[in-house]
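Hydrogens, waters and symmetry mates play no part in the numbers below; they use all other heavy atoms, side chains included. Naming convention: chains lettered A, B, ... in sequence-line order (proteins, then strands); numbering from 1 in each chain.
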There are 2 protein chains.
Amino acid sequence: MSKAVRKRRQPEEARLEIMQVAQRRLREIGIGGLNVADVAKDCGMSHATVIHHFGSTGGMRRALVDHMTDALLRDVIRRIEESPVPDPPAILQSLFATLSEGGHVKLIAWLSLSGDEFAADVHGSAQIESLFSQLVPVVAQRLPAGHEDRLLAARRIVFLTATAAMGYGLGGETWAQVMGLSADEAAAFPAWLGEQINRMWLPEGNS
Amino acid sequence: MSKAVRKRRQPEEARLEIMQVAQRRLREIGIGGLNVADVAKDCGMSHATVIHHFGSTGGMRRALVDHMTDALLRDVIRRIEESPVPDPPAILQSLFATLSEGGHVKLIAWLSLSGDEFAADVHGSAQIESLFSQLVPVVAQRLPAGHEDRLLAARRIVFLTATAAMGYGLGGETWAQVMGLSADEAAAFPAWLGEQINRMWLPEGNS
DNA sequence: AGCGCTATCTACATTTATGTCAATAAAAAA
DNA sequence: TTTTTTATTGACATAAATGTAGATAGCGCT
């Protein structure tokens with residue numbers, strides 16, 4: 001056995017690479033892919049190095065939750081901010097697209113299946129709360145006077161968008177297949193949902 | 001150490017008890033709760049017994065996927081069948097409630113995070129496909145002529161109900177909190193969604 | 001060039017999880 | 001009762017994952 005050539009990184013670099021590899025493995029392999037040995041191998045380093053940087057396997061996983069939470073947050077914020085300012089339909093479509101994207105849904109699913117393992121880790125909620133507290137009024141402004149409580153209605157619309165996006169990202173293909181939607185039709189679902197939400201901007205009544 | 005008093009069960013009984021305990025552990029502890037040693041301890045038996053009945057840890061987990069898939073299927077079918085026959089809103093509310101319920105969402109999340117581990121295990125899809133192929137027309141019949149393709153619209157409505165339910169069950173509380181919905185308001189979300197879907201039965205147009 | 005720091009490595013130790021086996025006991029059958 | 005069957009068990013064996021420690025080598029600094 002010849003001695004391995006060492007690739008020495010800056011600590012931040014190494015941590016980042018490990019996080020990226022781990023995230024990819026969570027997406028492609030699942031939770032079973034998150035052991036130090038295999039993550040390290042994928043990074044081309046020894047598992048001792050991973051432990052050096054994160055202290056333990058649990059440390060690595062907690063760091064990954066943080067990393068992915070930050071990424072989710074950043075994506076939501078970025079996609080919302082770069083959309084034309086007062087255009088709720090576009091904003092909601094962005095939100096849907098962002099949340100249903102593979103990696104983010106895996107994070108949510110992982111958290112929901114991890115018991116209390118990462119209980120204290122939903123930090124950043126302050127940031128995202130302030131984001132939504134800005135977003136909700138924008139949506140509310142477009143609602144007609146017919147709604148008795150426009151703020152509540154806006155919250156519900158955003159909430160619907162978020163839940164549908166997560167469900168869509170989680171088991172969308174499977175359920176689409178089961179209930180007879182073609183792949184194309186399933187892919188068109190977000191746009192259709194957008195239209196339906198648009199209809200909520202119309203006055204209520206006329207049964 | 002006194003010898004343990006053995007409780008001898010019928011094999012079916014033992015398997016069922018193990019499945020129930022494992023299912024509860026998946027709900028309450030997460031994937032980490034699905035090792036033979038701890039499941040066995042919760043059942044009050046030795047881990048060798050669990051292996052005797054399922055062959056291996058993987059065997060136990062595969063059996064659990066089957067067990068929970070069957071339960072999901074049974075619940076969906078039962079709740080739909082016991083609702084007043086041609087009442088789409090009630091049926092969709094039932095579907096939502098069933099799918100968003102804790103245990104079932106955990107199954108879906110687990111499958112989505114398990115890579116190919118249970119690839120060949122979505123059996124029963126024949127049953128559930130036939131179920132939805134009956135359900136969709138019932139929904140479609142209530143749609144107004146305004147819809148160019150009522151069957152497609154019905155599929156989308158059912159699909160929306162299913163995806164929203166899963167997202168709601170998966171991360172509902174968290175997102176509700178983040179976007180400023182009170183617990184009560186979040187709990188009222190399914191009913192609100194039902195109303196919105198009802199509005200889809202109204203004629204389109206009048207922008 | 002020489003020095004210090006530390007990221008990285010290999011090799012080992014430890015812990016945890018899984019799987020095996022022969023003995024045993026509970027229940028059914030004879 | 002005796003026999004047969006097999007669910008159950010404890011003790012052991014093995015495998016897999018995690019963690020530890022000392023040595024080393026890459027890189028910045030002087």
In this structure, how many angstroms lie between the C1' atom of dT8(C) and the CD atom of Glu17(A), rounded? 13 Å

Classify the side chain of Arg9(A) versus the base of dT8(C) as yes if they form a donor-acceptor pair under 3.5 Å and no if they do not. no

Rounded to whole Å, CD of Glu12(B) lies from P of dT6(D) at a distance of 13 Å

Rounded distance (Å) that lies between atom C1' of dC27(D) and atom NZ of Lys7(A): 15 Å

Measure from CD on Gln10(A) to C1' on dG28(D) and round the result to the nearest Å. 9 Å

In this structure, is the centre-to-centre distance between the rings of Trp175(B) and Tyr168(B) below 6.0 Å? no

Sorted by position of nearest nucleotide on DNA chain D, 5' first, the leading residue of Ala48(B) and Pro11(B) is Pro11(B)

Minimal non-hydrogen separation, Val21(A) against Val39(A), with atom names: CG1-O, 3.9 Å

Closest to the Ile51(A) side chain, choosing from dT9(D), dT18(D), dG26(D): dT18(D)

At less than 4.0 Å, is any side-chain N or O atom of Thr49(B) found next to OP1 or OP2 of dT8(D)? Yes or no. no

For residues Asp42(A) and Arg24(A), report the shortest heavy-atom separation together with the two atoms involved. OD2-NH2, 2.9 Å

Taking only the side-chain nitrogens and oxygens of His53(B), find out if one of them lies under 4.0 Å from OP1 or OP2 of dT8(D). yes

Does Glu185(A) pair with Arg155(B) as a salt bridge, N-O distance under 4.0 Å? no

Please give, in whole Å, the distance from dA27(C) P to Glu13(B) CD? 11 Å

Report yes if a side-chain nitrogen or oxygen of Thr57(B) is closer than 4.0 Å to either non-bridging phosphate oxygen (OP1 or OP2) of dG19(C); otherwise report no. yes

Nucleotide nearest Met45(A) (side chain, heavy atoms from C-beta), chosen from dC9(C), dT18(D), dT8(C): dC9(C)

Determine: side-chain N/O of His52(B) to OP1/OP2 of dA7(D), distance under 4.0 Å, yes or no. yes

Of all the nucleotides listed (dA17(D), dT24(C), dG26(D)), which has the minimum atom distance to the side chain of Arg6(A)? dG26(D)

Touch class at under 4.0 angstrom, heavy-atom based, for Gly44(A) against every strand present: sugar-phosphate

Lys41(B) has an atom NZ; how far is it from atom C1' of dT9(D), in whole Å? 16 Å

What is the distance, rounded to the nearest whole Å, between atom CZ of Arg8(B) and atom P of dA7(D)? 6 Å

Could you report the tightest heavy-atom contact between Leu170(A) and Ala109(A), atom names first, then the distance? CD1-CB, 3.9 Å

When rounded to whole Å, the CZ to C1' distance for the pair Arg25(A) and dA17(D) reads 14 Å

Regarding the side chain of His47(B), the nearest nucleotide among dT18(C), dG26(D), dT24(C) is dT18(C)

Can you figure out which of dG19(D), dA26(C), dT18(C) approaches the side chain of Asn35(B) most closely? dT18(C)

